[in-house]
Amino acid sequence: MLESKLILGIIGGGQLGSMLCESAKMLNLKTVILSDDKNAPAQNFCNKFLYSKYDNLKKINEFINLVDVVTYEFENIPIKILNFISKKKKLLPNPRINEIIQNRKTEKEFINKLKIKTTPWAYIASKKDIENNKNLLPGILKTCTLGYDGKGQEILNDLNDFKKSHFSEDYILEKLVNLKKEISVIITRYDNGKISLYEPIENKHKNQILIKSIIPANINNEIYDQSLDVAKKIAENLGYVGTMCVEFFIDEKQNLIVNEIAPRVHNSGHLTINAFTVSQFENHIRAVCNLDIKNNVKVSNARMINVLGEEIHKYRKLSFDKNEFFYDYLKKEIKDKRKMGHLTILQN
Ligand code: ADP
Ligand code: MG
């Protein structure tokens, strides 16, 4: 059924943007993508594509004038620009949220203030700060900003491992957790405060990159309930509108620890496209465009496999069964470990 004639602006042109465009189409919304990548794959899925650096105010104004609502598919957009846009157009999630989550230090402070457990961590601005936090070794040094897919991270086994002679950035040092499992919870919160939660998803990483997501997660009832409660508490305290993801670690003592928050749709939620009647993308659009909330029902268990780098060649040649759904992100350049596509397999 056709629901809306709104035009949705999306900042960022990666695969998450493409999948938002696909959902928007189903809801009879038009999409405009703004991206600083000339080759952004989402240009194959949107109605209009604007190529611009994120600090080009002339282009940003052009973008704003084309759309009714603005959202984003990645969190590292300069806050100044988000604030500029939100003064002129409805922009969701609110930039205030982005400001907290863009920086690992303020993100963790926010989570800890809610009395939610994270890995033990410390803010690191100098070599001395590492010496003063020896108790966190072995640990992972992470840049406070701009990290993704394990980029900007370095494992420190002991003090000798840290060879950088000077600091060019701010970091946090996190204790290395002996991970038993990783799960994520995708949650959508609507303008009226209503919440729609997906069941916890079990995630497997390799070299700090997500390679597989599975539902149902193999976890006990207590962790199941606790993870949904934590996601709800975070979304409510952020006053969040849209879809977001909370990534969790489960350690060997069955402690549930928040790893990080993604203020956007998330890779681990790709399986929601096929396994639920309302995907994380559709839910996001319904929330930010203030459309009707649709009852969401799980239709199948599922597993999602990320297709990385050169693997895409093999997948492009395969034929698939009717319970298998292959998505090619149509990226022009194949790079080692780059997310090129994914396959979701429904299995009951
Ligand atoms: P990104 O922003 O790149 O997703 P994350 O902090 O989520 O960064 O780290 C990526 C992955 O690296 C995690 O999903 C996990 O597998 C591993 N990892 C990160 N921090 C830790 C930690 N403190 N202990 C153990 N593994 C970790
Ligand atoms: Mg992560």
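Values below: every heavy atom of this structure, side chains too, minus hydrogens, waters and symmetry copies. Note that ligands are numbered from 1 as they come in the structure, with each ligand's atoms numbered from 1 the same way.
- At the top of the distance list for atom 10 (C) of ligand 1, counting protein heavy atoms only, stands Gln208 O, 3.7 Å.
- Under the 4.5 Å side-chain criterion, counting only non-hydrogen atoms from C-beta, Asp68 is not in contact with Lys90.
- Polar contact with ligand 1: absent for Lys151 (N/O pair, distance under 3.5 Å).
- Contacts classified as side chain to side chain donor-acceptor pair (under 3.5 Å) and involving residues 132-146 (residues at least two apart or in different chains) are given here: Lys142-Glu174.
- The protein heavy-atom contact nearest to atom 3 (O) of ligand 1 is Gly150 N, 2.6 Å.
- Every atom of ligand 1 is numbered from 1 in the order shown, and the set under 4.0 Å from a heavy atom of Arg104 is 1 (P), 2 (O), 6 (O), 8 (O).
- The N, O or S atom of Glu247 lying closest to the Mg ion (ligand 2) is OE1.
- With respect to atom 24 (N) of ligand 1, the closest heavy atom belonging to the protein is Val177 N, 2.9 Å.
- Lys89 is not listed as a side-chain neighbour of Val69, based on a closest heavy-atom distance of 4.5 Å or more.
- Checked against the 6.0 Å centroid criterion, the rings of His342 and Tyr329 qualify as a close aromatic pair.
- Between atom 26 (N) of ligand 1 and the options Leu179, Asn178, Leu146, the minimum heavy-atom separation is to Leu179.
- Near Leu176, meaning under 4.0 Å from one of its heavy atoms, ligand 1 places the atoms 24 (N), 25 (C).
- Contacts between Glu174 and ligand 1 below 4.0 angstrom, taking non-hydrogen atoms only, involve the side chain exclusively.
- When non-hydrogen atoms are compared, ligand 1 lies under 4.0 Å from neither the backbone nor the side chain of Asn203.
- Remark: among candidates Glu247, Gln153, His205, Lys142, the nearest residue to atom 8 (O) of ligand 1 is Gln153, based on non-hydrogen atoms.
- Between the Mg ion (ligand 2) and the N, O or S atoms of Glu260, the shortest distance is to OE2.
- Contact record, Ile187 with Lys232: CD1-CA, 3.7 Å, taken as the closest heavy-atom pair.
- Although no hydrogens or angles enter the test, the distance criterion places a donor-acceptor pair under 3.5 Å between the side chain of Tyr240 and the main chain of Thr243.
- Here the shortest heavy-atom pairing between Pro93 and Pro263 reads CG-O, 4.0 Å.
- Of the polar atoms of Ile140, none of the N or O atoms is found under 3.5 Å from an N or O of ligand 1, judged by distance alone.
- Placement of Ile273 and Leu8 within a single hydrophobic cluster is found when ILVMFWY residues are connected by side-chain heavy-atom separations under 4.5 Å, directly or transitively.
- Evaluation of the side chain to side chain donor-acceptor pair (under 3.5 Å) test over residues 42-52, restricted to residues two or more places apart or in two chains, returns Thr31-Asn47.
- The protein non-hydrogen atom at the shortest distance from atom 4 (O) of ligand 1 is Glu260 OE2, 2.9 Å.
- The minimum heavy-atom distance between Lys331 and Pro41, with the atom names listed, is CG-CG, 3.9 Å.
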Phe74 vs Tyr54, ring pair (Phe, Tyr, Trp, His ring centres under 6.0 Å): CA-CA, chis, key distance, verdict
CA-CA 13 Å; Phe74 78 113; Tyr54 294 127; 5.8 Å; yes
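- Scanning the protein heavy atoms around atom 13 (C) of ligand 1, the nearest turns out to be Glu182 OE1, 3.5 Å.
- Between Thr119 and ligand 1, a contact under 3.5 Å exists for no N or O pair.
- Near Gly147, the atoms of ligand 1 lying under 4.0 angstrom from a non-hydrogen atom of the residue are 2 (O).
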